[in-house]
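Here's the structure, in structure tokens; my notes come after.
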2 protein chains.
Amino acid sequence: MEGGQTLLFLTDEQVRKGIEAMFFAYRGFTADPDRILADMAYGRAHHRAIHFIHRSPGTTVNNLLSILGVTKQSLNRVLRTLIAEGLVESRIGRRDKRERHLHLTDEGSSLEQRLSDAQRDRMRAAYRAAGPAAVVGFRQVLEAMMDEDMRRQFDGMRDRGQ
Amino acid sequence: MEGGQTLLFLTDEQVRKGIEAMFFAYRGFTADPDRILADMAYGRAHHRAIHFIHRSPGTTVNNLLSILGVTKQSLNRVLRTLIAEGLVESRIGRRDKRERHLHLTDEGSSLEQRLSDAQRDRMRAAYRAAGPAAVVGFRQVLEAMMDEDMRRQFDGMRDRGQ
DNA sequence: TACAATACGTCAGCCTTGTTGACATTCCAA
DNA sequence: TTGGAATGTCAACAAGGCTGACGTATTGTA
């Protein structure tokens, strides 16, 4: 099936199908955490912040900004509520006191768990349904689809991973 | 490379990497059309509406609603501006006068071209970089990630495709 | 030691795009 | 023929992006 390298492989129709698949899949991808968050006063923006703080504990605000690709005003609104509700802790930097290092509290970690469990379950199910070879391809295409600087971010994370 | 079927294949770490890849890739995926739309008074919602009207000319508002997964009020606002600016035409149904059948005008089609050209270019580049086998896997995983009803929508479209 | 640059927070106001609620029109079936 | 269901429109509100301007603490440098 995949040995093809057929010439028809890159028809507009094929590519358009890929575009729509991306659209529908992304909806599924966010659906489960969205449902959990809807019950609280939080949204997808909070989820993203929590995810990356969990991912890189002690990260600075500036750091998070460049990963999330939003303005500091926008991120600040989210962080403010997360800090106020005791999900995130902001510690003044020891070396550079201008910096704020972000950590999840226990309560924050537990929400992170719930959210990522839901999302991981779906991702895991999709992986299992498609099989290991498909997953490799999936990751290759996604990575090729990123912007240059995001790919760098992403690859950097991979190195630090585990 | 893909013969692996390794047991480590579904570690949390692997799955989490997939989640982040999806997040970053989706940003790249929408970046190019977003740039075009930013110059006009339109946003991503307009793009989606235009895409699917182009895809299924004569579709009704209700139909579009279930594809896009938003409320009719939300879609209506977008359609209203598109109709007012002469990109979309809304024709009263002949059999059922409650329905509105949607079509792109010439101007609408030309914007659709610009937008999908930009998005297709990136998708095509990603496909080319990853190779045909990867694309098959990519599509398999995406399809497995969709909600049930969305997968039906999607597969239905495939049948009608070409 | 002054001064510029950096990191962060905040206020104000805008836009897009989602939501719910209320309502008009049209169709259909009892 | 009348009431309920379906389709679509208008209004108002909220989340979460954005820009711009400004304040404060800290750091690094001329």
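First the proteins, then the strands, lettered A, B, ... as listed; each starts at 1. Model, not experiment: these values are computed from the prediction.
- In this structure, the side chain to side chain contact (heavy atoms under 4.5 Å, CB included) partners of B:Thr105, at least two apart in sequence or on a different chain, are B:Glu89, B:Glu107.
- The side chain to side chain contact (heavy atoms under 4.5 Å, CB included) check on A:Gln113 picks up A:Asp117, A:Arg120, with sequence neighbours excluded.
- Rounded to a whole Å, the CG atom of A:Asn62 is 13 Å from the C1' atom of C:dA5.
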Contacts table for residues 46-54 of chain A: side-chain donor-acceptor under 3.5 angstrom, sequence neighbours left out:
from: A:His46; atom 1: ND1; to: A:Gly43; atom 2: N; distance (Å): 3.0
from: A:His46; atom 1: NE2; to: A:Thr81; atom 2: OG1; distance (Å): 3.3
from: A:His51; atom 1: NE2; to: B:Glu20; atom 2: OE2; distance (Å): 2.8

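- A heavy-atom distance below 4.0 Å to DNA chain C is reached by none of the residues of residues 87-96 of chain A.
- With sequence neighbours excluded, the residues that form a side chain to side chain contact (heavy atoms under 4.5 Å, CB included) with B:Ser90 are B:Ile83, B:Arg100, B:Leu102.
- The distance between atom CZ of B:Arg100 and atom C1' of C:dC27, rounded to the nearest whole Å, is 13 Å.
- Residues from residues 25-36 of chain B placing a heavy atom under 4.0 Å of any atom in DNA chain C do not occur.
- Among residue pairs with one or both ends in residues 28-44 of chain B, those qualifying as salt bridge (charged side-chain N to carboxylate O under 4.0 Å, His left out) are B:Asp32-B:Arg35, B:Asp32-B:Arg122, B:Asp34-B:Arg44; sequence neighbours excluded.
- Residues satisfying the salt bridge (Lys or Arg N to Asp or Glu O under 4.0 Å) test with B:Arg124, not counting sequence neighbours, are A:Asp12.
- Within the model, atoms CG of B:Leu111 and CD1 of B:Ile36 stand 8.0 Å from one another, a figure rounded to the nearest 0.5 Å.
- Annotation: the span from A:Met40 atom CE to A:Leu87 atom CG amounts to 8.5 Å, rounded to 0.5 Å.
- With values rounded to the nearest 0.5 angstrom, A:Thr11 atom OG1 is found 6.5 Å from A:Glu13 atom CD.
- A salt bridge (charged side-chain N to carboxylate O under 4.0 Å, His left out) check over residues 77-87 of chain A, counting only residues at least two apart or in different chains, returns nothing.
- When DNA chain D is scanned in the 5' to 3' direction for atoms under 4.0 Å from non-hydrogen atoms of chain A, the outermost contacting nucleotides are D:dG16 to D:dT27.
- Side-chain contact check for A:Lys17 versus B:Arg139: some heavy-atom pair is nearer than 4.5 Å.
- In this view, A:Ser110 satisfies the side chain to side chain contact (heavy atoms under 4.5 Å, CB included) rule with no residue, not counting sequence neighbours.
- Ranked by how close their nearest DNA chain C nucleotide is to the 5' end, A:Arg98 and A:Ile83 are led by A:Arg98.
- The OH atom of B:Tyr26 lies 7.5 Å from the CE atom of A:Met22; values are rounded to the nearest 0.5 Å.
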How would you summarise protein contacts on nucleotides 13-22 of chain C per nucleotide, using B for base, S for sugar-phosphate only and - for none, with heavy-atom distances below 4.0 Å? ---SBBBBB-
